[in-house]
Amino acid sequence: MTGRLDRWERLLERQMAAAPYVLLGTSTVLSLLTGETGGRPWVMLALAALAAVWIWLVPRGVAYVAGLVVLIGALCTQGVWFASFFGFAGYLHSWQYLKGKWRFAGVTATAAISVATYNGGLPDPTPTGILAFLFFTTAIVALVGLFSFVGEITAERSAERKRMVAQLEATMKENAGLHAQLLVQAREAGVFDERQRMAAEIHDTLAQGLTGIITQLQAAHRTEEWRRHVDNAIRLARESLAEARRSVHAVGPGQLEAAPLPDALAEVVAQWGELNGVRADLTITGTVRPMHPEVEETLLRTAQEALANAAKHAGASRVGLTLSYMEDVVTLDVRDDGAGFDPERVSDGGGFGLTSMRKRVTRVAGTLEIESEPGFGTAISASVPAVARG
């Protein structure tokens with residue numbers, strides 16, 4: 001629709017530019033055909049040629065309109081057809097190229113010339129003749145002013161539409177640029193999130209597994225039961241490799257695929273206690289029910305990280321875990337009687353392990369609380385929404 005209107009506007013502009021020449025040519029031809037030149041056609045042709053050159057070459061303005069009105073008056077002395085046709089050029093260009101009251105001056109002068117030409121000269125010096133002349137001149141000026149004003153409103157609407165289209169196009173270009181920028185930012189955020197996920201998964205699987213392997217191999221050097229420790233190290237290596245593969249494919253922990261969360265936690269706690277030679281107890285309270293996979297994975301990974309920290313840093317002789325199913329939340333509490341630490345001396349409550357743990361819990365709209373004091377053990381409590389599976 002907009003393209004069609006633009007084509008119509010361009011066609012109208014070309015027609016308006018050609019209109020004075022068409023009107024001048026039509027008046028000239030009709031005057032020659034009707035023999036109104038008075039036996040001197042060369043005078044009319046010369047004036048017509050001068051008018052064409054004037055329209056073509058003279059810059060638009062007051063001088064141009066004044067000269068055009070004079071040429072219209074001169075041509076009207078050669079034939080009434082110039083008042084009938086070429087006079088419209090005076091109306092159009094007076095309104096188009098003059099401003100304010102000068103518009104009406106140009107239109108009035110052209111109308112007076114046309115009315116005088118139709119009357120065969122100036123009006124008779126009688127009240128009736130003068131009033132008739134003024135009436136027709138005023139009527140022409142009023143009609144030209146009315147239609148020109150309507151044309152101006154239409155032109156202003158068209159200009160406003162063009163401005164709105166240009167503004168809309170600029171907005172669309174800006175939106176396209178913002179969209180492209182958002183895509184780049186989203187891609188970068190996705191890459192960053194994936195790196196963060198992989199870092200957390202590597203820490204929760206490979207790092208903990210390698211730590212357990214090192215512990216078992218060191219124990220093998222210190223005792224005669226080296227075969228049992230080597231077997232444990234081999235098992236840890238295989239489990240860590242399997243968990244690493246699952247992490248690459250963004251698959252949840254293998255323990256949760258084989259058993260519900262309480263059983264998976266019981267297995268993790270039992271294996272940790274066996275590997276580290278530390279008593280570890282698990283208590284389940286509340287009504288056990290399946291939770292959303294991400295909720296269960298968060299609780300399992302939190303338990304694994306807390307146990308890994310207890311083995312690596314606390315030197316604890318006993319660890320207790322409590323998994324509590326309540327109406328709105330599921331809580332995991334991990335307590336040990338180890339060395340403890342001062343949470344205020346560790347930025348954000350911990351190193352990478354504790355930070356990763358906190359991010360995991362926060363990601364599922366949960367909360368993580370850490371209580372510890374040097375020499376008095378550590379207590380970690382993770383509380384997550386009880387979002388049921390399915």
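Position 1 is the first residue of the sequence; numbering continues from there.
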Quick one: closest heavy-atom pair of [X] and [Y], and the distance?
X	Y	result
L30	T34	O-OG1, 2.7 Å
F82	S27	CD2-CB, 3.4 Å
V361	V384	CG1-CG1, 4.2 Å
S31	M44	CB-SD, 3.5 Å
V107	Y91	O-CE2, 3.8 Å
L75	A51	CD1-CB, 4.1 Å

Minimum side-chain heavy-atom gap [X]-[Y] below 4.5 Å:
X	Y	value
L307	L321	yes
L71	I55	no
H292	V364	no

Is [X] reaching over with its side chain to a backbone N or O of [Y], donor-acceptor style, under 3.5 angstrom?
X	Y	result
R358	L368	yes
E296	M291	yes
S372	F341	yes
R103	Y97	no
N276	V278	no

Same cluster (ILVMFWY, side-chain, under 4.5 Å), [X] and [Y]:
X	Y	value
L282	V268	yes
V22	L32	no
F135	L131	no
V70	Y64	no
V329	I370	no

Under the side-chain contact (heavy atoms from CB on, under 4.5 Å) rule, what do I380 and E305 come out as? Steps first, then yes or no, please. CA-CA 11 Å; I380 295 176; E305 177 62 28; over 6 Å; no

To the closest 0.5 Å, what do you measure between [atom1] ([X]) and [atom2] ([Y])?
X	Y	atom1	atom2	result
E294	R301	CD	CZ	12.5 Å
D333	T302	CG	OG1	11.5 Å
D336	T378	CG	OG1	4.5 Å
L47	W42	CG	CH2	9.0 Å
R335	R318	CZ	CZ	9.0 Å

Show your working on side-chain contact (heavy atoms from CB on, under 4.5 Å) between L261 and V295 and close with a plain yes or no. CA-CA 10 Å; L261 177 61; V295 171; over 6 Å; no

Sole residue of T110, T28, L24 in side-chain contact (heavy atoms from CB on, under 4.5 Å) with F86: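 Filter result, single survivor: L24.
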
Below 4.0 angstrom, N of the basic side chain to O of the carboxylate: do D281 and R279 qualify? yes

Can you list the steps and then say if R60 with L98 is a side-chain contact (heavy atoms from CB on, under 4.5 Å)? CA-CA 9 Å; R60 301 312 191 240; L98 297 179; over 6 Å; no

Tell me if the OH atom of Y118 is crowded by more than 12 foreign heavy atoms within 6.0 Å.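 Counting neighbours around OH of Y118, more than 12 heavy atoms of other residues, nucleotides or ligands fall under 6.0 Å, so yes.
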
Step-by-step side-chain contact (heavy atoms from CB on, under 4.5 Å) determination, R360 to R363: CA-CA 5 Å; R360 279 188 179 277; R363 192 164 56 203; 3.8 Å; yes

Which is it for T322 and T283 under the side-chain hydrogen bond (donor to acceptor under 3.5 Å, both in side chains) test, yes or no, and what are the steps along the way? CA-CA 5 Å; T322 303; T283 303; 4.6 Å; no

